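Below is one structure, written out as structure tokens; comments come after it.
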Amino acid sequence: LLPALVLPRMAGLRMSFGILLEPLGFVKVLEWIFAIFAFATCGGFQGETTLLVSCKGVVNETVTAAFAYPFRLDTVVFSAPDPKGCGGTWTDVYLVGNFSSSAQFFVALAVLVFLYCIAALAVYVGYNHVYQENNKFPQTDFAISALTAFLWLVSTFVWAKALADIKVSTGASIVPGIESCKAPGTTCHFVSVTSMGSLNVSVVFGLINMILWGGNVWIIYKEANLHHSWHRISESP
């Protein structure tokens, strides 16, 4: 039964890797690679912010708050110095903000693009003759590429705004808002926060993906002669 179902579908298979050297296939390979970079640099991030606390019975002890993707900072608590050593004035201190929706939108798009590129490359390499002969395939590819370029634009700018807020919520500006640091005899100093260079790079990859997919729309439009196809459709009764 399996050969009866599979073989007819595979009968039109014509492997041609030359398409990968042409603009249509080459850009798709680049989109596949940069989608990996986008979700790896964002989804794989782990960091921490550190304070130096001095209070009654506790002198210059560092406390840390570890955070990571998807950046639900409002669930991240600082490791506390000895509450009894601080005269019972130290309470759990949480970071501020929940940026999971922006981060997950960006990463989810990258993963979906990664999967679509694999499917598209399989069609380009194995069924390019069908792709070229049937206008429905280029038209569908064109529509998906245009939508993807728009989604990269939206997700990248949304994620860039969230990243700016994450830097604020984990930086030196958090100290004045910590009530436990306002207790008599207690002082808190900001020490450091993990470098977010990889997250900055993820935004750059988002912009690169947006440009690649925008260019892909133009390549499909020109190589598949969609302007001629749409002109013929408009003239038909």
Side-chain angles (χ1 to χ4, degrees), residues 20 23-49 65-76 95-124 137-171 173-174 193-224 226:
L20 300 180
L24 186 65
F26 184 71
V27 168
K28 193 64 66 182
V29 172
L30 291 179
E31 291 167 347
W32 177 68
I33 293 172
F34 279 99
I36 296 174
F37 289 160
F39 70 70
T41 51
C42 179
F45 180 83
Q46 292 183 338
E48 63 179 25
T49 184
F67 58 94
Y69 173 85
F71 305 103
R72 295 188 179 93
L73 300 186
D74 54 358
T75 65
V76 177
L95 294 177
V96 178
N98 185 342
F99 307 99
S100 59
S101 59
S102 300
Q104 288 175 328
F105 178 29
F106 184 83
V107 171
L109 176 62
V111 172
L112 291 175
V113 166
F114 167 79
L115 296 175
Y116 176 73
C117 287
I118 293 177
L121 286 171
V123 173
Y124 292 169
F137 288 106
Q139 289 172 5
T140 301
D141 199 13
F142 177 88
I144 293 176
S145 297
L147 176 61
T148 303
F150 174 74
L151 291 177
W152 273 121
L153 171 66
V154 173
S155 66
T156 299
F157 279 93
V158 168
W159 167 233
K161 174 60 171 62
L163 177 56
D165 293 337
I166 290 171
K167 291 178 179 179
V168 173
S169 297
T170 58
S173 60
I174 64 176
V193 64
T194 302
S195 172
M196 299 186 189
S198 66
L199 297 182
N200 294 333
V201 172
S202 72
V203 175
V204 174
F205 284 140
L207 293 174
I208 292 175
N209 275 294
M210 179 191 68
I211 295 171
L212 285 174
W213 283 91
N216 195 23
V217 172
W218 177 249
I219 291 172
I220 296 172
Y221 181 77
K222 296 297 290 184
E223 290 202 359
L226 292 181

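Because the structure is predicted, anything quoted here is derived from the model rather than measured.
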Return a table of donor-acceptor pairs under 3.5 angstrom between the side chains of residues 26-40 and protein atoms on other chains or two or more places apart.
{"residue": "Lys28", "atom": "NZ", "partner": "Glu31", "partner atom": "OE1", "Å": "3.3"}
{"residue": "Glu31", "atom": "OE2", "partner": "Asn216", "partner atom": "ND2", "Å": "3.3"}

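- For Asn200, the side chain to side chain donor-acceptor pair (under 3.5 Å) partners at least two apart in sequence or on another chain are Lys167.
- Qualifying side chain to side chain donor-acceptor pair (under 3.5 Å) partners for Ser202, counting only residues two or more places apart in sequence or in other chains: Trp159.
- No side-chain heavy atom of Val96 sits under 4.5 Å from any side-chain heavy atom of Asp74.
- The side-chain hydrogen bond (donor to acceptor under 3.5 Å, both in side chains) analysis of residues 37-49, with sequence neighbours excluded, yields no pairs.
- Distance check, rounded to the nearest 0.5 Å: CZ of Phe142 to CD1 of Ile220 gives 7.5 Å.
- Annotation: the span from Asn209 atom CG to Thr156 atom OG1 amounts to 7.5 Å, rounded to 0.5 Å.
- Looking only at side-chain heavy atoms (C-beta outward), Val217 and Trp213 stay at 4.5 Å or farther from each other.
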In residues 99-124, what donor-acceptor pairs under 3.5 Å come from side-chain atoms, sequence neighbours left out?
{"residue": "Ser100", "atom": "OG", "partner": "Asn98", "partner atom": "OD1", "Å": "2.8"}
{"residue": "Tyr116", "atom": "OH", "partner": "Asp141", "partner atom": "OD1", "Å": "2.7"}
{"residue": "Tyr124", "atom": "OH", "partner": "Asp141", "partner atom": "OD2", "Å": "2.4"}

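- From Ile144, atom CD1 reaches atom CG of Leu151 across 11.5 Å, with rounding to the nearest 0.5 Å.
- Heavy atoms only, all atoms of each residue included: Val168 and Ile174 are closest at O-CG2, 3.8 Å.
- Applying the salt bridge (charged side-chain N to carboxylate O under 4.0 Å, His left out) criterion to Asp165, with sequence neighbours excluded, gives Lys161.
- Rounded to the nearest 0.5 angstrom, Met196 CE and Thr170 OG1 are separated by 3.0 Å.
- Here CG of Leu95 is found 10.5 Å from CD1 of Ile166. Values are rounded to the nearest 0.5 Å.
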